[in-house]
Chemist: 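The structure is given below, and queries will be raised subsequently.
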Amino acid sequence: MKILTTATYSEGYFTLLKQTAEDLKYQLSVLGWRQPWKGFAWKIELYAQELKTIAPDEIVICVDAYDVVVVGPPGEILAKFKEINHPIAFSGQRYFPGQSWMRILADKLMSDNHDQYIKNRIDDPYDYSRPCMGLLIGYAGKLLELFNALLEIEKEESINNDQILLNKYYLKNPDSIFLDSSCTMFQNLWRTGWGLFGKINPHNSRCEIDIYFDEQYKRKRVRNKKFNTTACFIHGPFNLDMSLVIKELDLKAPPLDLYKSWHYWEYSIMYFLKRGIRFFGRWVFGILLLIIVGVILIYHFLL
């Protein structure tokens with residue numbers, strides 16, 4: 001089964017993505033290797049170009065390169081995808097559980113809309129109601145149509161962020177994709193502590209997953225506590241340190257330099273800071289930023 005990812009060089013968990021994909025018999029194709037990084041809209045362009053070379057009825061998985069680990073076999077995710085009977089499925093994601101005010105701000109910014117934005121379907125901090133560009137699966141022909149639609153939005157609005165482009169499209173076309181909101185195929189993770197550059201600890205009571213031994217496949221797996229589902233891919237967005245989870249899975253985590261990751265700061269943190277100033281207004285955003293930084297520092301040093 002084919003996995004597509006985009007990476008210009010090796011960083012983060014890229015080596016582990018390659019290793020786990022190979023061990024579980026996936027075919028990993030790396031797009032953009034050794035090329036200058038041109039932004040997250042360029043990532044969609046690379047996907048679209050590659051999908052043109054693939055048969056429209058072939059099932060393809062697209063994943064982020066630096067923060068995804070493969071933890072389940074291709075036969076399992078293929079069966080799960082066919083069971084939902086939809087041509088495209090995205091992983092479900094949650095923002096800032098337990099911090100509703102921060103979640104609302106993030107939802108508005110990530111949807112590029114103050115009034116109509118993707119938000120919790122129910123008042124539940126563990127509700128995975130937002131599609132995530134970091135993990136998705138679909139038929140190549142349908143994915144090509146979707147990515148071309150995202151590129152049309154980018155052409156008109158120059159957003160240069162794949163997640164915001166997806167959210168804007170999803171708001172207008174909610175039935176066009178299936179959302180894996182019960183984490184049957186994909187598991188997006190959220191930190192259990194350690195502030196902005198978070199860490200997830202599977203033994204923490206706030207952790208959304210636990211690790212168990214799968215007797216069928218004779219390997220340790222990740223299980224969602226709320227839904228009792230077993231994902232085939234895990235994703236640690238926002239520069240999440242997944243080393244404790246990876247260790248529990250009996251895998252070897254590569255050494256990470258999360259606090260000095262210039263790529264993350266330049267293309268993620270700085271992007272949203274600049275966009276937040278334009279979106280919320282300079283003075284409002286400045287005050288909010290001071291509050292957010294204060295909360296992060298308190299959270300970092302006291303927990």
Chemist: Is the distance between the ring centroids of Phe233 and Tyr26 less than 6.0 Å?
Modeler: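 Here the rings of Tyr26 and Phe233 have centres that are less than 6.0 Å from each other.
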Chemist: Would you mind telling me which of Asn161, Thr6, Asp64 makes a side-chain hydrogen bond (donor to acceptor under 3.5 Å, both in side chains) with Lys43?
Modeler: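 So the option named by the test is Asp64.
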Chemist: Check this for me: does any side-chain nitrogen of one of Lys108 and Asp115 sit under 4.0 Å from a carboxylate oxygen of the other?
Modeler: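 Asp115 and Lys108: not salt-bridged.
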Chemist: Using every non-hydrogen atom in the two residues, find where His86 and Ser176 come nearest and quote the distance to one decimal.
Modeler: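 Distance-wise, the nearest heavy atoms are CE1-O, 3.1 Å.
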Chemist: Sorted by first residue and then second, give each side-chain hydrogen bond (donor to acceptor under 3.5 Å, both in side chains) pair with at least one member in residues 69-79; sequence neighbours left out.
Modeler: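 Qualifying pairs: Glu76-Lys80, Glu76-Arg221.
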Chemist: For the side chain of Thr20 and the backbone of Val70, is there at least one donor-acceptor N/O pair under 3.5 Å apart?
Modeler: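 Checked: pair present.
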Chemist: Is there a donor in the side chain of Asp241 and an acceptor in the side chain of Ser243, or the other way round, less than 3.5 Å apart?
Modeler: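 Short answer, yes.
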Chemist: Is it true that a side-chain atom of Ser129 and a backbone atom of Ser181 form a donor plus acceptor pair closer than 3.5 Å?
Modeler: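 Such a contact is absent between Ser129 side chain and Ser181 backbone.
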Chemist: For residues 47-54, run the donor-acceptor check on the side chains, cut-off 3.5 Å, and write out each pair with its distance to 0.1 Å, sequence neighbours left out.
Modeler:
unit_1, atom_1, unit_2, atom_2, d
Tyr47, OH, Val63, O, 3.2
Thr53, OG1, Glu50, O, 2.6

Chemist: I'd like to know whether CD of Gln116 has more than 12 heavy-atom contacts from other residues, nucleotides or ligands below 6.0 angstrom.
Modeler: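 At most 12 heavy atoms, drawn from other residues, nucleotides or ligands, come within 6.0 Å of this atom.
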Chemist: Please list, chain by chain and in numerical order, all residues satisfying ring-ring contact (aromatic ring centres under 6.0 Å, His included) with Phe279, sequence neighbours excluded.
Modeler: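 Per chain and number, Phe279 pairs via ring-ring contact (aromatic ring centres under 6.0 Å, His included) with His114.
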Chemist: Donor-acceptor pair, Asn167 side chain versus Met110 backbone, under 3.5 Å?
Modeler: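 Here the side-chain-to-backbone pair exists.
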Chemist: Does the separation of the ring centres of Trp190 and Tyr126 fall below 6.0 angstrom?
Modeler: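 Distance test on ring centres: not under 6.0 Å, no.
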Chemist: Would you tabulate the side-chain donor-acceptor contacts of residues 133-151 under 3.5 Å, counting partners in other chains and residues two or more places apart, or write 'none'?
Modeler:
unit_1, atom_1, unit_2, atom_2, d
Asn148, ND2, Leu144, O, 3.3

Chemist: Keeping the roles fixed (side chain from Thr5, backbone from Val30), state whether a donor-acceptor pair exists under 3.5 Å.
Modeler: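 No; judged by distance alone, with no hydrogens or angles, the pair does not exist.
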Chemist: With a 3.5 Å distance limit and no angle check, can you tell me whether Glu154 reaches the backbone of Asn160 through a side-chain donor-acceptor pair?
Modeler: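 Side chain of Glu154 to backbone of Asn160: a pair is present.
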Chemist: Going by the angle between their ring planes, with limits at 30° and 60°, are Phe14 and Tyr66 parallel, tilted or perpendicular?
Modeler: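 Answer is perpendicular, since the angle exceeds 60°.
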Chemist: I would like to know whether Thr184 and Phe227 meet side-chain contact (heavy atoms from CB on, under 4.5 Å); could you show each step before the answer?
Modeler: CA-CA 8 Å; Thr184 58; Phe227 299 106; over 6 Å; no
Chemist: Does a donor on one side chain and an acceptor on the other come within less than 3.5 Å for Asp180 and Ser91?
Modeler: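 Short answer, no.
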Chemist: Do Glu152 and Tyr169 have side-chain N/O donor and acceptor atoms under 3.5 Å apart?
Modeler: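 Tyr169 and Glu152 do not have a side-chain donor-acceptor pair below 3.5 Å.
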Chemist: Strictly distance-based, threshold 3.5 Å: is any side-chain N or O of Asn188 a donor or acceptor partner for the main-chain N or O of Gly92?
Modeler: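 The answer is yes, because a donor-acceptor pair under 3.5 Å joins these two groups.
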Chemist: With the threshold set at 4.0 Å, does a side-chain nitrogen-carboxylate oxygen contact exist between Arg130 and Asp107?
Modeler: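 Salt bridge flag = yes for Asp107 with Arg130.
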Chemist: Would you call Glu157-Lys168 a salt bridge at under 4.0 Å N-O?
Modeler: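 The answer is yes: the pair qualifies as a salt bridge.
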Chemist: With ILVMFWY side chains joined below 4.5 Å, transitively, what does Tyr117's cluster contain besides itself?
Modeler: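 Traced through the cluster, Tyr117 reaches Ile104.
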Chemist: Could you name each residue pair satisfying salt bridge (Lys or Arg N to Asp or Glu O under 4.0 Å) that touches residues 246-255, not counting sequence neighbours?
Modeler: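 Qualifying pairs, neighbours excluded: Lys220-Asp250.
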